[in-house]
J.: 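Please find one structure pasted underneath; my questions will follow.
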There are 2 protein chains.
Amino acid sequence: MLKKERHDFVMKQINLHNRVLTSDLVQLLNVSEDTIRRDLQEMADDSLLYKVHGGALSKSYHSTFDDSSVYAKEAKINIAKKTTKLIKDGMVILTGGGTTIIELVKQLPENLQATFFTISPLVAVELAKYRKVEVILIGGLFSKNSQITYGGHVISQLSEINADLCLLGTSAIHPTNGLTDTDWEINQLKKTMMSSSRKSAVLCISEKLNISLRLKVAALENITYLITELDPSDEKLTNYQIKNLKIL
Amino acid sequence: MLKKERHDFVMKQINLHNRVLTSDLVQLLNVSEDTIRRDLQEMADDSLLYKVHGGALSKSYHSTFDDSSVYAKEAKINIAKKTTKLIKDGMVILTGGGTTIIELVKQLPENLQATFFTISPLVAVELAKYRKVEVILIGGLFSKNSQITYGGHVISQLSEINADLCLLGTSAIHPTNGLTDTDWEINQLKKTMMSSSRKSAVLCISEKLNISLRLKVAALENITYLITELDPSDEKLTNYQIKNLKIL
DNA sequence: CGGCTTTTTGCGGGTTTCTGCAATATTAAT
DNA sequence: ATTAATATTGCAGAAACCCGCAAAAAGCCG
């Protein structure tokens with residue numbers, strides 16, 4: 001293995017995962033730690049990556065820190081962390097799009113082994129960073145607004161899936177009106193996704209609570225998990241305490 | 001063993017394995033290390049390969065990863081601008097993935113009204129910025145390496161399309177061996193895409209010229225346009241001047 | 001053909017690069 | 001504060017490299 005080949009390999013890993021661990025590289029490339037460290041050092045000198053204790057990070061990842069533009073990021077990370085507990089090895093999961101879901105994907109455990117169906121290209125790209133995760137992107141018309149695929153073709157493919165868990169972002173949720181939305185297409189998609197999954201989890205920042213929109217997606221009774229950044233005992237959630245709905 | 005013969009031998013090895021070791025060549029060709037080194041040095045001067053400590057690497061291999069920074073980008077923008085002239089309102093276009101294609105999409109005229117089918121989520125996201133462009137993302141298994149969808153499902157959907165123009169990035173192109181690739185899946189995809197389109201354009205930075213890889217995608221005769229950053233009259237392109245292939 | 005130049009090739013010896021080891025210091029985490 | 005993981009530093013052997021030289025091979029010309 002030539003030095004340059006190692007460097008290329010490292011770059012590939014970094015572009016893929018946004019980070020590398022020294023110890024992983026030692027195993028993968030079968031050389032000593034010193035060699036890896038020297039490699040990383042050199043590449044850092046060429047400012048191809050950002051070296052840190054234990055490995056290295058993607059340069060772009062650090063400089064493109066306008067991730068902060070994601071609204072209510074803290075809350076979403078909190079939600080994401082709770083949600084990961086629902087996800088076990090071997091599961092088949094169906095997901096929509098949205099920043100909340102993307103945040104969730106970033107929080108998944110490194111070695112998760114699962115199958116994800118998604119209608120969101122961005123979620124697919126993010127999921128692809130996990131080695132043991134199989135990603136199936138459901139194709140169809142591509143929506144400019146919501147950055148997901150939609151239309152009859154998508155619906156028909158979704159309806160053929162049999163997933164363990166369905167992860168949905170939220171437009172609005174209300175104690176009596178349940179899950180609602182404004183866009184008819186998205187409404188259809190969400191309905192289909194829920195009926196294709198045994199269980200469904202609704203990821204919802206607290207601001208979306210107690211809002212009701214025009215189109216009904218599902219009644220509270222048909223949701224399995226409601227996940228917010230609040231403590232499950234928070235008083236804002238008392239109205240949602242019904243049988244069959246687990247609040248996390 | 002004449003020098004020229006050695007050089008040819010080295011090129012063959014490099015096209016096959018993407019790399020050679022000085023020590024291997026010494027054994028295989030039965031000459032001294034110095035001779036090999038001199039050979040590699042000369043070939044590197046002619047920029048036929050990339051010389052490193054211990055051997056040499058394929059030019060294409062090397063440039064795939066990290067050279068996407070500045071120099072290649074200029075070339076890609078140049079290619080993109082030429083390619084936009086092929087694209088007219090009302091066309092149905094099929095595209096693959098890759099940075100060259102992304103660059104192209106960024107250069108499209110603001111008010112283009114066309115239909116794009118693509119297997120690349122990133123291309124889809126980029127295309128979605130154009131108001132009058134309809135984007136259909138073809139779904140299927142999602143490849144972690146190449147960031148495109150692939151597999152039987154994709155192939156079967158591609159084969160149902162009837163496009164006006166097919167835009168392909170290039171792994172390697174060669175005067176006699178035509179368009180080639182290393183990955184079997186991608187090979188299949190490109191073949192299908194070409195047969196689903198009336199015309200096909202190959203976007204190719206000049207570094208990828210005169211390189212031949214293992215799997216054949218198409219003969220030069222079956223390509224409609226070859227687009228590089230060079231002037232069409234550049235001598236590097238003379239070997240590609242055949243009937244039916246328009247060089248831009 | 002015989003001398004002349006040029007090219008090619010191998011060799012010796014000195015230099016640089018690469019890589020792993022060991023001892024020591026630093027950092028992260030509990 | 002203690003411990004385990006990770007970094008740093010210097011070193012040494014091996015491998016690869018570079019440079020100049022000279023012999024052999026090939027080309028050139030009268």
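Chain letters run A, B, ... following the sequence lines, proteins first and then strands; every chain starts at 1.
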J.: Quick check for you: among C/dT9, D/dT6, D/dC17, whose closest atom lies nearest to any side-chain atom of B/K3?
T.: C/dT9
J.: Rounding to a whole Å, what distance do you find between A/Q41:CD and D/dG10:P?
T.: 14 Å
J.: How long is the line joining CD1 of A/I36 and P of D/dT8, in whole Å?
T.: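 For the pair A/I36 CD1 and D/dT8 P, the rounded distance is 14 Å.
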J.: Are B/T22 and D/dC17 close enough that a side-chain N or O sits under 4.0 Å from OP1 or OP2?
T.: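 It does, given that an N or O in the side chain of B/T22 lies less than 4.0 Å from OP1 or OP2 of D/dC17.
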J.: Calculate the interatomic distance between A/D39 atom CG and C/dT19 atom P; express it in whole Å.
T.: 7 Å
J.: Using a cut-off of strictly less than 4.0 Å, decide whether B/R37 has a side-chain nitrogen or oxygen near OP1 or OP2 of D/dA15.
T.: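 No, because none of the side-chain N or O atoms of B/R37 sits under 4.0 Å from OP1 or OP2 of D/dA15.
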J.: Taking CZ from A/R38 and P from C/dC21, how many angstroms apart are they, rounded to a whole number?
T.: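 Answer to the nearest Å: 11 Å.
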J.: Distance check needed: C/dT27 P versus A/L21 CG, whole Å only.
T.: 19 Å
J.: Just list the side-chain donor-acceptor pairs under 3.5 Å for residues 240-248 of chain A, sequence neighbours left out, or say none.
T.:
| unit_1 | atom_1 | unit_2 | atom_2 | d |
| --- | --- | --- | --- | --- |
| A/Y240 | OH | A/I173 | O | 3.3 |
| A/Y240 | OH | A/N210 | N | 2.9 |
| A/Y240 | OH | A/N210 | OD1 | 2.9 |

J.: Would you indicate, yes or no, if C/dG10 has its OP1 or OP2 atom less than 4.0 angstrom from a side-chain nitrogen or oxygen of B/T35?
T.: yes
J.: Can you check the B/K51 NZ to C/dT16 C1' distance for me, whole Å?
T.: 13 Å
J.: Roughly how far, to the nearest 0.5 Å, is the CD atom of B/Q41 from the CG atom of B/L49?
T.: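 The CD atom of B/Q41 is 9.5 Å from CG of B/L49, to the nearest 0.5 Å.
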J.: Using atom CG of A/L40 as one end and atom P of C/dC18 as the other, report the distance to the nearest whole Å.
T.: 15 Å
J.: Please state how far atom CD in A/E33 lies from atom C1' in C/dA25, giving the value in whole angstrom units.
T.: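 For the pair A/E33 CD and C/dA25 C1', the rounded distance is 15 Å.
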J.: Out of C/dT27, C/dT9, D/dC17, which nucleotide sits closest to the side chain of B/H53?
T.: D/dC17
J.: Less than 4.0 angstrom between a side-chain N/O of B/S32 and OP1 or OP2 of C/dT9, yes or no?
T.: no
J.: Between the base of D/dC17 and the side chain of B/D34, is there any donor-acceptor pair under 3.5 Å?
T.: no
J.: OG of A/S23 to CD of A/E33: how many Å apart, nearest 0.5 Å?
T.: 7.5 Å
J.: Would you indicate what B/V26 reaches in the nucleic acid, counting non-hydrogen atoms under 4.0 angstrom: base, sugar-phosphate, or nothing?
T.: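 Here B/V26 touches no strand at all.
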J.: Just verifying a value: how many Å separate A/L94 CG and A/F117 CZ, rounded to the nearest 0.5 Å?
T.: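 The distance works out to 8.0 Å.
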J.: If you measure from CD1 on A/I101 to CG on A/L127, what distance do you get to the nearest 0.5 Å?
T.: 10.0 Å
